[in-house]
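Everything below concerns the one structure shown next.
Below, read A as the first sequence line, B as the second, and so on, with proteins coming before strands; counting in each chain starts at 1.
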Protein chains: 4
Amino acid sequence: MDFAALPTKGERTRAHIVATAANLFWRRSFHGVSVDLVADAAQVNKATIYRYFADKGDLALAVVRFNGAVTIETVFASSFDIYSSPQDRLAAIFRFVYGAHETMLEESGDIYGCPIVGLALELGQDMPEIRKEAQHIFDQVENYLTIIARDAVDNNGLNQSPEMLGRTLTQLLHGAFASARLAGAPSRILDAGNASLALLGFADTQIIQQERV
Amino acid sequence: MDFAALPTKGERTRAHIVATAANLFWRRSFHGVSVDLVADAAQVNKATIYRYFADKGDLALAVVRFNGAVTIETVFASSFDIYSSPQDRLAAIFRFVYGAHETMLEESGDIYGCPIVGLALELGQDMPEIRKEAQHIFDQVENYLTIIARDAVDNNGLNQSPEMLGRTLTQLLHGAFASARLAGAPSRILDAGNASLALLGFADTQIIQQERV
Amino acid sequence: MDFAALPTKGERTRAHIVATAANLFWRRSFHGVSVDLVADAAQVNKATIYRYFADKGDLALAVVRFNGAVTIETVFASSFDIYSSPQDRLAAIFRFVYGAHETMLEESGDIYGCPIVGLALELGQDMPEIRKEAQHIFDQVENYLTIIARDAVDNNGLNQSPEMLGRTLTQLLHGAFASARLAGAPSRILDAGNASLALLGFADTQIIQQERV
Amino acid sequence: MDFAALPTKGERTRAHIVATAANLFWRRSFHGVSVDLVADAAQVNKATIYRYFADKGDLALAVVRFNGAVTIETVFASSFDIYSSPQDRLAAIFRFVYGAHETMLEESGDIYGCPIVGLALELGQDMPEIRKEAQHIFDQVENYLTIIARDAVDNNGLNQSPEMLGRTLTQLLHGAFASARLAGAPSRILDAGNASLALLGFADTQIIQQERV
DNA sequence: AATGAATGAGGCTTCATTCAT
DNA sequence: CATGAATGAAGCCTCATTCAT
């Protein structure tokens, strides 16, 4: 994510375009954003975009990969780095997602749903690679959540398979995004987070919004 | 849904256009389907579409309403009509959704996700009415699921609020669609269904695919 | 060519587009003319062009067919209708081509070569249909010229095969267009015409420019 | 044509670009080849091309000159060097052209027409210099063929002017290229060659394909 | 109630060309 | 001498929409 650190100027330009497009596609969908608009927003000539991406779909694929990398890194890996108990990790993950939604709502007055699923739904039919990529990302997510589930099963002596619990947690996370977007309410993320904790036997733990500056 | 029963020819034409568009938008997204294509598929002149709908967005709104009505009627109301116990009702709902996914996969080789959420995600930004409508539909869904949760809480003596459980069930259902679509696997619906049953304390009950003709 | 006689309005529009494009492609080559320009020249919206032609190449194909039909009809068939002796027919053909070149030069200050060969050379590689069509047209031309050759062989007792003579006449006609275009001189058409007559044993006959109004 | 012999590296680079472009323009026409493609094919940076040529048209002009020089040298001058009788010279010229067509067909599965006329037809309108250059080249060709015609007239006592015969031979050569390209048949070159010999009174001589390795 | 025909705007992509290194 | 990077203009095509019948 540290563009300035990228070796060549070209790679920096490319990364800048991807980040710009990621933001736009997230807010307005793939078809709602023209290549012209991406170029304008990135302050780059349209032809420059085509120097780095074969076509608009190729850009979308790069965006999905970018979104996936950012998500895994900043949400999951970092929660695992900071915390070690399953309840802390899970709470951290949902706290992060919730915080992002709060910020989103404040800054742009709206809530946009999961940027990976959004693109995958819109383009999945025409671009199988995009769906493959999204699937791959959520396999990773499920892996993280399954680890949490396994630790919870061990700690709390649940008699459910960690794998199934991991899958359920993943689906709940999907549902959290969808319902937050439809209702326009970040609190739906908290609902899903608390339900997830309850599911793993941490009924006492509640996700509480951190103070944000 | 029984078009032939509609009084005037105009109403039948209109309903036919909506049903055709619903199918196309579902499979290929809103922007992936041109008005020309809808006209061709419905075997209707393009100008006829504009006789019944102010613009393409208006058609999309009608499609969302249509999808909502069909879903509530054929999935939720009908499950409630046939069954009375919470576990039977829940199982029936998921069995229906699962069956629809199996059929979808067989007939078109792919799985398309929730048609209501799909349109809401794609158009939510530009057409608030559509998101409102989708929200309204899922409020009804949540109502149905909350009733089931309440009965389960009563039956099984759970110490969770039916409202929160209803919400969680709704989110799990959202997640079921998303994950089935990404993975291309109808079994994800069964996973969510069984998790839902477990959540309500019906760990013994399993949703099993009915014989289909 | 009588557009007003075409049954439907659509067919007239289509024919008008083809005729306009034929003229432009002839003067400025296929790639030298944009679809926008064709639309402007035909006083038709660009989208209207795409209502009648799948793409620009499809329009070029229609143009080649049009050019072929016009050529066969106005040059060859009509010369055969009016005259019956081989030398009269051949002279009429070349007189017509020569006259067209003179007019061209007067009206636009330049000479454009054969519109069929021009398009075939430029597009033959990417559009085999176009070359096929051009080949078909010149097969017809060769047929006409072979008939003339056969009659000449009979009349003048030449000991060459009419088929080979027909082919040579066809090649000379090709060369006449090329050399007239390169030199910017209509007289090259007369040269080829007189050489053709000589070839068939009509050394006395000379093609003379008719008085033109 | 011996690039390695060129004094400076720059001249070699330039010559290499011209030769590469000549080949591409020949096969795919001027507008069908982008500067990018020329750069790729020549394994040279695009900016390097603009170091040696003012613009793409300038490159085309260089290509026409190159084609002309190669043609005159390898086909006409060399035939005149090797042979002295008119029929041998003419036969050698057509044999060469025919052989080139056979090779072309074998190596690339297609036949491309005269590269000089092709460019002149496509660009003649926008670039008068190119047409001038092409005209100049074919004046030289006509000179060579007129010399052959003159010798034939002397030898065979024909009562036609060598100049007119030279012109006819030139036009037949043009027609040979055009008809070979349209029909995709190298044999059309032989047809024109034999017709040319017959025209000069060498009815007995036939051009026969040489054994090629 | 329905249709064939037409349109303006805009989308995606590519091109020839130049700049800075 | 050569290159990686960038750009403005233009090209082809499609879309949603309307008109006249």
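Contact check, C:T13 against E:dA5: no side-chain N or O comes under 4.0 Å of OP1 or OP2.
Rounded to whole Å, atom C1' of F:dA10 lies 14 Å from atom CG of C:D40. In this structure, D:D36 places its CG atom 14 Å from P of F:dT3, rounding to the nearest Å. Here F:dT7 presents its P atom at 8 Å from NZ of A:K9, a figure rounded to the nearest Å. The separation between D:R14 atom CZ and F:dA2 atom C1' is 17 Å, rounded to whole Å. The distance between atom CD of D:E11 and atom C1' of F:dC1, rounded to the nearest whole Å, is 14 Å. If you take CG of B:N45 and P of F:dC19, they are 15 Å apart, rounded to a whole angstrom. Going from atom CD of B:Q43 over to atom C1' of E:dA1 covers 17 Å, rounded to whole Å.
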TODO: Start with the C-alpha gap between D:R131 and D:D126, add the side-chain angles, then the distance that decides, and say whether salt bridge (Lys or Arg N to Asp or Glu O under 4.0 Å) holds.
DONE: CA-CA 10 Å; D:R131 199 163 69 185; D:D126 299 325; over 6 Å; no
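D:R181 and D:Y112 make their closest contact through CD-C, 3.6 Å (heavy atoms, listed as atom of the first residue, atom of the second, distance). Taking each heavy atom of B:A134 and A:L182 in turn, the nearest pair found is CB-CD2, 3.9 Å.
In this structure, the side chains of D:T20 and D:V44 stay at 4.5 Å or more apart for every pair of heavy atoms.
For the side-chain contact (heavy atoms from CB on, under 4.5 Å) with D:F53, the lone residue among D:V35, D:V18, D:L61 that qualifies is D:V18.
Listed by residue number, the members of residues 46-64 of chain D with any heavy atom below 4.0 angstrom from DNA chain F are D:K46, D:A47, D:T48, D:R51, D:Y52.
Within the 4.0 angstrom heavy-atom criterion, only backbone atoms of the sugar-phosphate kind lie near B:V33; the bases stay farther away.
Nucleotide F:dT21 is matched to E:dA2 when pairs are restricted to Watson-Crick or G-U wobble geometry with both distances under 3.5 angstrom.
Remark: side-chain polar atoms of B:W26 are not paired, donor with acceptor, to backbone N or O of B:N67 under 3.5 angstrom.
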